[in-house]
Every structure is written in structure tokens, then in C-alpha cells.
Engineer: 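Please read through the structure below; I'll follow up with questions.
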Amino acid sequence: MEKYLRPVSGVESEKKRAPRVPRGLGEDGKDLWRAVVKEYDLTESEREILAEACRLRDTLRALREIVAVDGMMQDSPQGRRTHPAVVEARNSSKLLGQHLASLRLPFNDEQGGSVNNRGFLGARKLG
């Protein structure tokens with residue numbers, strides 16, 4: 001298992017074909033998949049984590065659409081309560097963040113530099 005994020009080194013002519021988008025993903029999930037595999041060389045286990053993150057991203061969109069229609073609050077026999085989709089969206093959002101953090105994809109800080117997020121896997125930047 002890789003310990004730190006490292007760029008992929010190798011011959012330029014040795015371009016790898018990007019992994020196929022997993023079946024069943026919606027547009028948000030496909031967008032995330034393509035953005036990540038375009039830039040990073042992922043192991044099989046990293047691709048599995050990414051695929052689950054993509055499914056979570058699609059789930060989040062669906063939950064947000066439900067809340068947009070039904071509203072954030074819902075009447076119940078016990079009184080007004082937070083809509084269950086709001087709670088599920090919050091949980092899914094946390095899980096999505098954990099999945100992405102485990103890939104250790106870099107993000108840009110305010111000064112434009114690359115910063116590694118915490119996590120145990122390290123995706124390697126495509127060269």
C-alpha cells in the first residue's frame with residue numbers, strides 16, 4: 001500500500017487508458033469519476049473507494065432534490081421534525097468526505113499551492 005501521494009513517473013508514450021466509468025452512475029458521479037481518473041493513477045482498491053464516492057455523490061443529489069420538493073421540515077405525530085432526507089444527506093456527505101480523504105487527493109490552498117488531505121491511501125498524479 002502506498003504511504004504518500006506521488007506523481008506517476010514513466011515514459012510519456014506509455015499513456016494508460018483511463019478506467020471506465022462504473023455502470024449505474026448519474027451525472028454527478030460520472031463527473032467526479034472522470035475528474036479524478038483524468039489526473040490520478042489509482043490502484044484497484046482506490047478505484048473501488050472512488051466508485052463508492054461517486055455513488056454517494058449521486059445519492060446526495062437525489063436527497064437534495066427530495067428536500068427541495070418536500071422542504072427541510074416534516075410534520076409527524078410528535079410534531080415538526082427534520083425531514084429524514086436532510087439527516088441522510090448529512091450522513092452521506094460525511095461519508096463522501098471520508099472516502100475522498102482516504103484517497104489523499106491534493107487540493108489547492110489559498111496561495112495556490114497543493115496540500116495533501118489526510119488519509120491512508122495515496123493516489124499518484126498522472127505524468
Side-chain angles (χ1 to χ4, degrees):
M1 179 169 24
E2 297 297 324
K3 189 171 180 182
Y4 300 104
L5 181 72
R6 284 184 273 170
V8 172
S9 58
V11 181
E12 279 295 317
S13 63
E14 208 178 288
K15 294 264 184 190
K16 288 185 179 180
R17 186 174 177 180
R20 296 184 88 148
V21 175
R23 288 187 177 170
L25 290 183
E27 285 308 310
D28 284 357
K30 288 177 183 177
D31 289 346
L32 176 59
W33 178 271
R34 290 179 182 129
V36 173
V37 300
K38 176 182 173 186
E39 296 291 325
Y40 300 97
D41 181 28
L42 304 175
T43 65
E44 182 65 31
S45 61
E46 290 167 338
R47 286 193 299 273
E48 288 297 320
I49 292 169
L50 177 59
E52 186 59 27
C54 293
R55 287 188 280 277
L56 283 166
R57 190 160 178 197
D58 288 337
T59 299
L60 275 168
R61 173 179 280 256
L63 290 168
R64 289 180 180 134
E65 289 172 356
I66 291 169
V67 172
V69 171
D70 294 350
M72 294 203 45
M73 301 300 288
Q74 194 174 38
D75 290 323
S76 76
Q78 294 81 24
R80 303 260 309 147
R81 298 210 171 208
T82 304
H83 194 294
V86 173
V87 176
E88 189 58 34
R90 180 177 55 230
N91 293 335
S92 294
S93 183
K94 287 179 186 177
L95 189 56
L96 173 60
Q98 291 170 352
H99 280 43
L100 294 176
S102 72
L103 294 173
R104 291 188 53 133
L105 300 174
F107 60 92
N108 291 330
D109 65 7
E110 295 80 36
Q111 291 79 34
S114 180
V115 178
N116 281 339
N117 205 344
R118 61 189 173 88
F120 62 91
L121 297 176
R124 278 105 12 238
K125 180 100 170 128
L126 289 172

Engineer: Which residues pass the side-chain hydrogen bond (donor to acceptor under 3.5 Å, both in side chains) test with Glu27, not counting sequence neighbours?
Structural biologist: none
Engineer: What residue pairs, at least two apart or across chains, pass salt bridge (Lys or Arg N to Asp or Glu O under 4.0 Å) with a residue in residues 82-102?
Structural biologist: none
Engineer: For residues 78-87, tabulate all N or O donor-acceptor pairs below 3.5 Å that involve a side-chain atom, not counting sequence neighbours.
Structural biologist:
residue	atom	partner	partner atom	Å
Gln78	OE1	Ser76	OG	3.3
Arg80	NH1	Asp75	OD1	3.2
His83	ND1	Ala85	N	2.9
His83	NE2	Asp70	OD2	3.0

Engineer: Work out which heavy atom in Trp33 is nearest to a heavy atom in Ala51; give both atom names and the distance.
Structural biologist: CZ3-N, 3.8 Å
Engineer: Taking atom CE of Met72 as the centre, report whether more than 12 heavy atoms of other residues, nucleotides or ligands fall under 6.0 Å from it.
Structural biologist: no
Engineer: Please report the interatomic distance CZ(Arg20) to CZ(Arg47), rounded to the nearest 0.5 Å.
Structural biologist: 13.5 Å
Engineer: Taking distance alone, no hydrogens or angles, what donor-acceptor pairs closer than 3.5 Å link side-chain atoms of residues 55-62 to residues at least two apart or in another chain?
Structural biologist:
residue	atom	partner	partner atom	Å
Arg55	NE	Glu52	OE1	3.2
Arg55	NH2	Glu52	OE1	3.3
Asp58	OD1	Gly29	N	2.6
Asp58	OD2	Gly26	N	2.5
Thr59	OG1	Arg55	O	3.0
Arg61	NE	Asp28	OD1	3.2
Arg61	NE	Asp28	OD2	2.7
Arg61	NH2	Asp28	OD1	3.1

Engineer: Say you draw a straight line from CG of Leu25 to SG of Cys54; how long is it, rounded to the nearest 0.5 Å?
Structural biologist: 5.5 Å
Engineer: Can you see which heavy atom on Ala53 is nearest to which on Leu96, and at what distance?
Structural biologist: O-CD1, 3.3 Å
Engineer: Side chains of Leu103 and His99, heavy atoms from C-beta outward: is any pair under 4.5 Å?
Structural biologist: no
Engineer: What distance separates Leu50 CG from Tyr40 OH, expressed to the nearest 0.5 Å?
Structural biologist: 11.5 Å
Engineer: Provide the closest heavy-atom pair for Leu63 versus Ser92 in the form atom of the first, atom of the second, distance.
Structural biologist: CD1-OG, 4.1 Å
Engineer: If you group Ile, Leu, Val, Met, Phe, Trp and Tyr by side-chain heavy-atom gaps below 4.5 Å, do Leu95 and Ile66 land in one group?
Structural biologist: no
